Amino acid sequence: MTFEWSAIWDALPSLLEGAKMTIQITLLGLIGGTIIGFLSGVVTTYVKVLVTWKTTFIAIVSVAVIVAIIQLASWIGATFLAGVPDWTWHVLQAAIVLAVLWRFAKYIPVALSFLAQVYILVIRGTPIVVQVMFIYFALPLISGWRIDALLAAIFTLVINSGAYIAEIVRGALLSVPKGLKEAGQAMGLPFYKILAYIVGPVALRRMIPAMGNQCIISLKDSSLFIVIGVAELTRQGQEIIASNFRSVEIWGAVAVIYLILTGFIALTLKFIEHRTQIV
């Protein structure tokens, strides 16, 4: 079997279209994952909550109570308050929610920290293929909403990368000497200024290599969305091979495109790391 460059040339437009889709999924997934991961990492670092059987039981009971209250409120609204205008009922619901949040405001950071730890544990403990299959096939059965394949792929990459980025952020924040935070507190700075101007810049430099690694992993993980039919690079290559049976040329071209994309990410992160290095 001879190697035909013409097969690669003919397939190049479709492969580039698939590469464009791969970049779109990865970019949007990493942007959302960075936001979620940063918030989760900060909360789990500075709000200490142990995930034990006791705290898990308390969380389950609390969720059950909240669900029961919501169902009771819905039943009251459908029976006793059936003649009340909808806007009045919505205002009452909003007032109840705000009152509950105000009453238990001091427990909100603890609840967020616990939920963030559970989220990280669940996402890191399950394969990304299982996650995307659950979101695309099982979630519509639960919620009744049909999810587009592209949206499911992006959302899966957001929650998957977010869990790993959260641990990257937490590790970087923990590596910063405590004296920097204490110095900011001694100056009377609020927490967000300490994080933004003192602890954050130091931690950011230390998380750059790990973030680059996560970006490359997320890019390669996007190929697994072939299971739900997303027209990314791997899917395009598979469809082209099904029509011309030139697997050597097409898979070789797909590998080269992935190598170019990951190489670009690696060089960009190396440049950023070099520019932010403290001499």
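Side-chain atoms are counted along with the backbone in the values below, which use heavy atoms only and exclude waters and symmetry mates. Quick caveat, the model's predicted, so the values are computed rather than measured.
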Could you tell me the separation between the [atom1] atom of [X] and the [atom2] atom of [Y], rounded to the nearest 0.5 Å?
X: Arg246; Y: Ile241; atom1: CZ; atom2: CD1; result: 11.0 Å
X: Lys270; Y: Thr268; atom1: NZ; atom2: OG1; result: 12.5 Å
X: Ile265; Y: Gln214; atom1: CD1; atom2: CD; result: 11.0 Å
X: Ser14; Y: Glu239; atom1: OG; atom2: CD; result: 8.5 Å
X: Ile240; Y: Trp251; atom1: CD1; atom2: CH2; result: 9.5 Å
X: Leu267; Y: Thr262; atom1: CG; atom2: OG1; result: 9.5 Å

Does [X] belong to the same Ile/Leu/Val/Met/Phe/Trp/Tyr cluster as [Y], with side-chain heavy atoms less than 4.5 Å apart forming each link?
X: Phe155; Y: Leu157; value: yes
X: Leu219; Y: Ile216; value: yes
X: Ile147; Y: Val230; value: yes
X: Leu173; Y: Phe38; value: yes
X: Val169; Y: Ile198; value: yes

Side chain to side chain contact (heavy atoms under 4.5 Å, CB included) between Leu195 and Tyr192, intermediate numbers included:
CA-CA 5 Å; Leu195 186 63; Tyr192 74 92; 5.6 Å; no

Would you sort out whether Val118 and Phe114 count as a side chain to side chain contact (heavy atoms under 4.5 Å, CB included), showing the intermediate values?
CA-CA 6 Å; Val118 172; Phe114 180 83; 3.7 Å; yes

Can you name the nearest heavy-atom pair linking [X] to [Y], along with the distance?
X: Ala172; Y: Ala203; result: CB-O, 3.5 Å
X: Ser161; Y: Gly29; result: OG-O, 3.4 Å
X: Ala116; Y: Thr44; result: CB-CG2, 3.7 Å
X: Ile228; Y: Ala152; result: CD1-CB, 4.3 Å
X: Ile120; Y: Ala166; result: CD1-CB, 3.6 Å

Atom pairs and distances, side-chain donor-acceptor, residues 17-25, under 3.5 Å, sequence neighbours left out:
unit_1: Thr22; atom_1: OG1; unit_2: Gly18; atom_2: O; d: 3.0
unit_1: Thr22; atom_1: OG1; unit_2: Leu233; atom_2: N; d: 3.1

Residue that, paired with Cys215, satisfies side-chain contact (heavy atoms from CB on, under 4.5 Å) out of Thr34, Leu30, Leu27
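Single pass found, and it is Leu30.
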
For a 4.5 angstrom cut-off between non-hydrogen side-chain atoms, does Glu232 reach Ser223?
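Yes, close enough: below the 4.5 Å cut-off.
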
Is the shortest side-chain heavy-atom distance between Ile208 and Ile272 below 4.5 Å?
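Sidechains of Ile272 and Ile208: in contact.
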
For the CZ atom on Phe191, are there more than 12 heavy atoms of other groups (residues, nucleotides or ligands in this structure) within a distance under 6.0 Å?
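It does: Phe191 CZ has more than 12 such atoms within range.
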
Verify side chain to side chain contact (heavy atoms under 4.5 Å, CB included) between Val176 and Lys181, making sure each step is shown before the conclusion.
CA-CA 9 Å; Val176 177; Lys181 179 185 175 183; over 6 Å; no

For residues 128-139, which side-chain donor-acceptor pairs fall under 3.5 Å, sequence neighbours excluded?
unit_1: Gln131; atom_1: OE1; unit_2: Asn160; atom_2: ND2; d: 3.1
unit_1: Gln131; atom_1: NE2; unit_2: Ile123; atom_2: O; d: 2.9
unit_1: Gln131; atom_1: NE2; unit_2: Thr126; atom_2: O; d: 2.9
unit_1: Gln131; atom_1: NE2; unit_2: Thr126; atom_2: OG1; d: 2.9
unit_1: Tyr136; atom_1: OH; unit_2: Arg146; atom_2: NH2; d: 3.2

Can you check side chain to side chain donor-acceptor pair (under 3.5 Å) on Thr234 and Tyr258, steps first, answer last?
CA-CA 10 Å; Thr234 305; Tyr258 271 117; 2.9 Å; yes

Asn244 and Ile250: CA distance, side-chain angles, deciding distance, side chain to side chain contact (heavy atoms under 4.5 Å, CB included) verdict
CA-CA 10 Å; Asn244 62 11; Ile250 303 305; 4.2 Å; yes

Any carboxylate oxygen within less than 4.0 angstrom of a Lys/Arg side-chain nitrogen, looking at Arg124 and Glu167?
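Answer for the salt bridge query: yes.
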
Between Tyr164 and Ser218: side-chain donor-acceptor atoms closer than 3.5 Å
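Absent: no donor and acceptor within the cut-off.
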
